[in-house]
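Just the heavy atoms: all of them, side chains too, but no hydrogens, waters or symmetry mates, feed the values below.
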Amino acid sequence: MVYYKRGGARVGAGRSPLSEEERKKGFKVYFPQAVYEDILKYGEGNSFSEKVYGLISSEMEKRKLMQNEKVKFIDLFAGMGGLRLGFEQAFNKFGLKTECVLTSEIKPHAVNALKENFPQHNFVGDITKVQNDEIPDFDFLLAGFPCQAFSSAGKGHGFLDTRGTLFFEIERILQSKRPYGFILENVEGLVTHDRENKHDPIGRTLKTIVTSLESLNYTVCWKIMDSKDFGVPQSRKRIYIVGSLNEHESITLDNFKQSKTVLSDILEEGLPTLDTPFTNSLFKHYSPHQLYGKSIKDKRGGKNNIHSWDLEIKGPVTVEQKELLNALLKERRKKHWADKIGITWMDGMPLTIEQIETFFPHKNLLELLDDLVAKGYLAYEHPKEQVKIPVIDNQYKIERIPDITKPKGYNIVSGKLSFEFSRILDPRDIAPTLVAMDVSTLGVIDNSGIRQLTLREGLRLFGYPETYTLKFLDNNPKKMQLGFDLLGNTVTVPVIFNIAERLCSSYIKTNNKEQFSLSS
């Protein structure tokens, strides 16, 4: 055995020897002046080395504590799990482990997607049937609560719709479990839903939601944000409501770093294209490049819109009939016709032959109109009036039903979902807001043909990672439609990631303050 009479570097120093692990290591480190001054100010110890050592040790202990702890969350109305993905990505970036302690979803194909992509340790269906004491303690609540009740794509009945009342399940759970924070997502229509006056910036529904959350002592902020600013080629405006128990500091949703992409960044090439009477008719009248950005619907006009009569897909149309259809398309939207008909204005009202004669006089007008009805370009129908339908407790919802006391008129038949494609995407641009009803009718020009958007491309339009899979729905058109339904209702992952980063930063600051108070 070799015996040293010293513990340091000099031989014969007279101290007991130190093992390699016990010896202090020396490194030369250069600090900016500002950091140097902070070390002197906040470090503890007599020497500069002691101050640096103390600060590093303190921070390392905190990070070890944070890494050993798991941030627990629940995912309500989980859909495909987009909220969860963005949340976990952000917290993992900060070195925090996460654990989903409860997931709630009722759609069977959404449940299958969740099970395919996430480990589910505590999966429940209908959250209304889960009692508070059955929910494990957690730190964060995530919820993209059902949006159809507030959406323009739905009927907009809000809290009168049973889906709208599901917000109060969120309130119930927050009140009982008191987590640190939450992220809620919904359609932008929630902001103005149920306004007392049409010029009010927000409606009573959002006021009720924010007031409810603040009454639970959460610091709450909300903002409408657009996915196109977060590196995905889709315009998708949604309201995000964020809250925390940090009473000293609100989570700001302003000044995020913007990132832009276009569709060509995410579209695939060389895939099979469709060969149908409809697509053949498209290419008979337009070249592939001429179709970029075109909408295909009979409810609107404009230079970027293709109508069924432009393609003559329901039968031949004369030049005069095309002029008649284009004139009727615009005229039927004018508000003065509602007064003459005797109904509340709606966007597209049937007009009688006498009314049509005022802007399209023609000696054979009846013959032209009846021929277009026979071919399916026009409908001969009663106008629809708004009616109040009782729901509960003297509350009503508004719907349109035909008013058979009013004379029939001529109206455009086809909406945007009447054809194989409702819009052809422009690879040089971004996609419109994808909604469940029409994701499957978005067309992609691929070489010299046209095809449907793929599920993988759809996932990219929401910022999902390439590892996320919907392959179990990729086998046939019916199953693919279920995948498109999921996509039309999901969240944009990068938006959630950016929001969750700020929520995580707040959480860490609060957590560190608690540790400081414990150590003092």
Side-chain angles (χ1 to χ4, degrees), residues 66-146 166-167 169-186 218 240-245 459 462-465 467-470 472 486 489-508 511:
M66 295 295 283
Q67 285 190 343
N68 290 333
E69 289 183 1
K70 285 186 176 180
V71 176
K72 298 178 180 179
F73 67 94
I74 66 172
D75 193 4
L76 305 183
F77 323 110
M80 294 170 54
L83 273 164
R84 171 179 180 166
L85 272 173
F87 177 86
E88 291 195 291
Q89 287 173 1
F91 276 70
N92 293 164
K93 178 184 174 182
F94 278 85
L96 299 177
K97 297 177 182 177
T98 54
E99 180 184 1
C100 184
V101 296
L102 181 142
T103 302
S104 171
E105 177 54 56
I106 60 173
K107 274 188 180 179
H109 48 296
V111 171
N112 290 335
L114 290 166
K115 290 181 176 179
E116 186 78 17
N117 290 282
F118 303 103
Q120 300 295 329
H121 301 296
N122 188 12
F123 190 90
V124 299
D126 187 349
I127 193 63
T128 65
K129 294 179 170 55
V130 180
Q131 301 301 311
N132 292 336
D133 57 8
E134 298 176 298
I135 301 173
D137 291 337
F138 60 93
D139 303 298
F140 292 93
L141 180 148
L142 312 177
F145 56 107
L166 288 174
F167 164 75
E169 294 300 313
I170 296 171
E171 182 186 36
R172 164 180 72 90
I173 295 168
L174 289 174
Q175 185 173 26
S176 171
K177 308 305 289 188
R178 307 297 298 156
Y180 176 81
F182 56 81
I183 302 176
L184 310 180
E185 181 265 1
N186 212 294
Y218 283 97
Y240 299 90
I241 307 171
V242 184
S244 75
L245 289 176
L459 287 166
F462 290 91
Y464 277 75
T467 52
Y468 193 98
T469 181
L470 288 176
F472 65 98
L486 291 177
N489 288 299
T490 194
V491 300
T492 307
V493 176
V495 181
I496 302 301
F497 169 79
N498 277 269
I499 294 171
E501 269 194 318
R502 295 189 176 182
L503 191 57
C504 182
S505 178
S506 172
Y507 175 69
I508 289 173
N511 212 39

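- Ring-centre distance between Phe140 and Phe91: below the 6.0 Å cut-off.
- Shown here are the side-chain contact (heavy atoms from CB on, under 4.5 Å) partners of Pro119, two or more places apart in sequence or in another chain: Arg84, His121.
- Pro136 and Val101 get closest at one heavy-atom pair: CG-O, 3.8 Å.
- Note: Leu76 CG to Phe145 CZ = 11.5 Å, rounded to the nearest 0.5 Å.
- Take Arg172 and apply the side-chain contact (heavy atoms from CB on, under 4.5 Å) test, not counting sequence neighbours, and it matches Ile127, Asn132, Glu169.
- Across all their heavy atoms, Gly463 and Pro494 have their closest contact at CA-CD, 3.7 Å.
- The closest side-chain heavy-atom distance from Leu245 to Arg178 is below 4.5 Å.
- A 4.5 Å side-chain heavy-atom check between Phe77 and Asn489 finds every atom pair outside the cut-off.
- Here the side chain of Asp139 pairs no donor or acceptor atom with the backbone of Phe73 at under 3.5 angstrom.
- Looking at every heavy atom in both residues, Glu134 comes nearest to Lys129 through OE1-O, 4.0 Å.
- Remark: Tyr218 pairs with Phe182 by the ring pair (Phe, Tyr, Trp, His ring centres under 6.0 Å) rule, at least two apart or across chains.
- Aromatic ring centroids of Phe94 and Tyr507 lie 6.0 Å or more apart.
- From Glu185, atom CD reaches atom OG1 of Thr492 across 8.0 Å, with rounding to the nearest 0.5 Å.
- The side-chain contact (heavy atoms from CB on, under 4.5 Å) search around Val111 returns Glu105, Lys115, Phe123, not counting sequence neighbours.
- Asp75 places no side-chain N or O within donor-acceptor distance of the main-chain N or O of Thr103, the cut-off being under 3.5 Å.
- Smallest separation of non-hydrogen atoms from Ser506 and Ser244: OG-OG, 4.3 Å.
- With Thr98 as the fixed residue, the side-chain hydrogen bond (donor to acceptor under 3.5 Å, both in side chains) test singles out one of Gln89, Lys72, Glu88: Glu88.
- Between Glu116 and Thr469, the closest side-chain pair of non-hydrogen atoms falls below 4.5 Å.
- Distance CD1/Ile74 to CZ/Phe138: 3.5 Å, rounded to 0.5 Å.
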Evaluate the side-chain contact (heavy atoms from CB on, under 4.5 Å) criterion for residues Ser104 and Val130: first the C-alpha distance (whole Å), next the side-chain angles of each, then the deciding distance (0.1 Å), finally the verdict. CA-CA 10 Å; Ser104 171; Val130 180; over 6 Å; no

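- Minimum heavy-atom separation, Leu503 to Gly243: CD1-O, 3.9 Å.
- The side-chain contact (heavy atoms from CB on, under 4.5 Å) check on Thr490 picks up Met80, Phe462, Tyr464, with sequence neighbours excluded.
- Scanning all heavy atoms of the two residues, the minimum distance from Gly82 to Val491 falls at C-CG2, 3.4 Å.
- No side-chain heavy atom of Leu85 sits under 4.5 Å from any side-chain heavy atom of Ile496.
- At least one side-chain heavy atom of Leu141 sits less than 4.5 Å from a side-chain heavy atom of Leu184.
- Pairs engaging residues 492-506 under the salt bridge (Lys or Arg N to Asp or Glu O under 4.0 Å) rule: Lys93-Glu501 [sequence neighbours left out].
- For the atom pair CD1 (Ile135) and CG (Asn122), the distance works out to 9.0 Å, reported to the nearest 0.5 Å.
- Expressed to the nearest 0.5 Å, how far CZ of Phe472 lies from CG of Asn117 amounts to 7.0 Å.
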